[in-house]
Each structure stands twice: as structure tokens, then as C-alpha cells.
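In this chain, numbering begins with 1 at the start of the sequence shown. What you see below is based on every heavy atom in this structure, not just the backbone, and it leaves out hydrogens, waters and symmetry mates. Small disclaimer: the values here were computed from a predicted structure and weren't measured.
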Amino acid sequence: MLRAFVKVDRATMGPECLAAELVAYARLHQYVPSPPPGSRRPLAVPEESWRRRYPLFPRLLFVLDGTGPAGIHTRLTALHAAARGLGQAAFLRDTPVLATPMTDLLRHGPGAPIYHPIISPDQHVSWTHTRHALPGPATGAGLKTTGPTTTGHSRIWGAS
């Protein structure tokens, strides 16, 4: 069963705040509550953890809106930089983190390969992909891509 946290970003705050949200989700992924006071051992199933409701941490989808192509590019770049800052954290190994412009979502629908993997931002995948299915960033082999519809936005970040 596929589940996702969906963050709709309307560009009301700077890209650094959006990037900080990625770091916050990574902290949530690692969170294990402390045992209650007076208890000597950790809880077998943490009462306040996401693990209580989900068998796996849900994938994370950022839907970017409220800005033009340059703003979308800036926000995607900020998310990619935050992911690089997390390094090889278990969060990024275990959880697909994807971003797409709202215009692409509205035009092509949620099942289309319109999402940029944060760790490989030059690629397009569907939201149901698994991280292990991604080819290396240089090859792009095996990916079905469609051009984004946001004017001035291209498949490769930074190209117009």
C-alpha cells in the first residue's frame, strides 16, 4: 500500500524554510520517544511515533505553487541542497522524496512521471516509484519522461 505526506508549498516563505521542512521530516523519521519517567526500558512500540500508524515511513511529495519558473527552480534547488546536507541519512535511503510544480500536476495528473526525485533532480518519475528503481544520475536509462508544462521549466534544473 502506498502512502505519502503531501506538502503543498505556496511560496509564502523563503526556499530555506522549505528546505528546513525536509530536515524536520528526516528528524521525524528517526524519532523514537523517550521512555516514561520511572521506566527503565524503551517502549516496544513507541506510543507517539509514526511507526504506530504506518508500516513504513510514507513517501514525501512536495507540490510547488505560488511562484513562476525561476521560483520553482530555486525551491527545487533548495530541497536538493538540503538532501545533500543530510548525506546518506537512513531517511533518504528509505524514503522517496519527490517534488513537482502544481502546474504539471494539474495538467498531467498525479500518476504521470512529473516528479523530481530530490536526490536526482534532473530525472522525472511517477510518485509510485521506489528509490532503488532510479538509474544513476548520468544515465537516465529506463525512465519515461515528459516535458514539464511550466513555461521556462526544463527537465534539467538550471536549463531553460
Side-chain angles (χ1 to χ4, degrees), residues 1-13 15 17-31 50-160:
M1 183 180 301
L2 295 173
R3 293 187 171 112
F5 289 128
V6 178
K7 165 62 179 161
V8 178
D9 173 60
R10 299 196 186 274
T12 58
M13 293 186 278
C17 291
L18 179 64
E21 289 191 27
L22 180 62
V23 175
Y25 278 106
R27 280 196 322 264
L28 176 62
H29 178 264
Q30 297 171 343
Y31 175 73
W50 59 266
R51 292 168 182 86
R52 184 171 178 217
R53 297 190 186 270
Y54 302 104
L56 297 171
F57 195 82
R59 59 195 63 224
L60 182 54
L61 308 176
F62 287 94
V63 179
L64 307 174
D65 196 18
T67 185
I72 296 287
H73 171 74
T74 299
R75 298 181 98 65
L76 291 171
T77 302
L79 286 169
H80 180 66
R84 278 196 329 258
L86 291 173
Q88 294 299 315
F91 173 66
L92 293 176
R93 285 192 310 274
D94 297 343
T95 307
V97 180
L98 310 168
T100 190
M102 178 70 82
T103 54
D104 289 356
L105 183 64
L106 293 173
R107 177 156 298 167
H108 298 291
I114 57 171
Y115 300 87
H116 299 275
I118 295 305
I119 57 169
S120 300
D122 59 335
Q123 299 174 1
H124 279 80
V125 298
S126 75
W127 81 275
T128 59
H129 92 285
T130 61
R131 185 189 181 304
H132 304 292
L134 286 174
T139 66
L143 281 180
K144 179 180 175 187
T145 61
T146 60
T149 58
T150 306
T151 305
H153 184 74
S154 78
R155 279 188 196 112
I156 311 279
W157 292 9
S160 311

Checklist outcome for this item: V23 meets the side-chain contact (heavy atoms from CB on, under 4.5 Å) criterion, sequence neighbours left out, with R27, L86
Item to check | Derivation of the side-chain contact (heavy atoms from CB on, under 4.5 Å) call for M102 and L105 | outcome: CA-CA 5 Å; M102 178 70 82; L105 183 64; 4.1 Å; yes
Checklist entry - Can you name the closest pair of heavy atoms from A78 and A19 and give their distance? => result O-CB, 3.6 Å
Checklist entry - Considering residues at least two apart in sequence or located in another chain, which fulfil the side-chain contact (heavy atoms from CB on, under 4.5 Å) criterion with A20? => result none
Next on the checklist: Tell me the closest heavy-atom pair linking Q123 and P117, and the distance in Å.
Outcome noted: O-CD, 3.3 Å
Checklist entry - I72 pairs by side-chain contact (heavy atoms from CB on, under 4.5 Å) with which of T100, D9, T67, D65? => result T67
Item to check | Contact check, side chains of L76 and H116, non-hydrogen atoms, under 4.5 Å | outcome: yes
Checklist entry - Of all residues at least two apart in sequence or in a different chain, which pass the side-chain contact (heavy atoms from CB on, under 4.5 Å) check with S126? => result T128
Checklist outcome for this item: Taking every heavy atom of T95 against every heavy atom of P58, the minimum-distance pair comes out as CG2-O, 3.5 Å
Checklist entry - To the nearest 0.5 Å, what is the distance between CZ (R75) and CZ (F62)? => result 10.5 Å
Checklist entry - How far apart are the closest heavy atoms of P110 and W127, and which atoms are they? => result O-CD1, 3.2 Å
Next on the checklist: Checking F57 now: which residues fulfil ring pair (Phe, Tyr, Trp, His ring centres under 6.0 Å) with it, not counting sequence neighbours?
Outcome noted: F5, H29, W50, F91
Checklist entry - Which heavy-atom pair separates L22 from L79 by the least distance, and what is that distance? => result CD2-O, 3.6 Å
Item to check | Spacing of CD1 belonging to I118 relative to CG belonging to L92, to within rounding of 0.5 Å | outcome: 9.5 Å
Item to check | Interatomic distance, L64 atom CG to K7 atom NZ [nearest 0.5 angstrom] | outcome: 10.0 Å
Checklist entry - Could you give the distance from CG (L56) to CZ (R3), rounded to the nearest 0.5 Å? => result 9.0 Å
Checklist entry - Is there side-chain contact between P113 and V125, with heavy atoms separated by less than 4.5 Å? => result no
Checklist entry - Looking at CG of L18 and CZ of R10, how far apart are the two atoms once the value is rounded to the nearest 0.5 Å? => result 13.5 Å
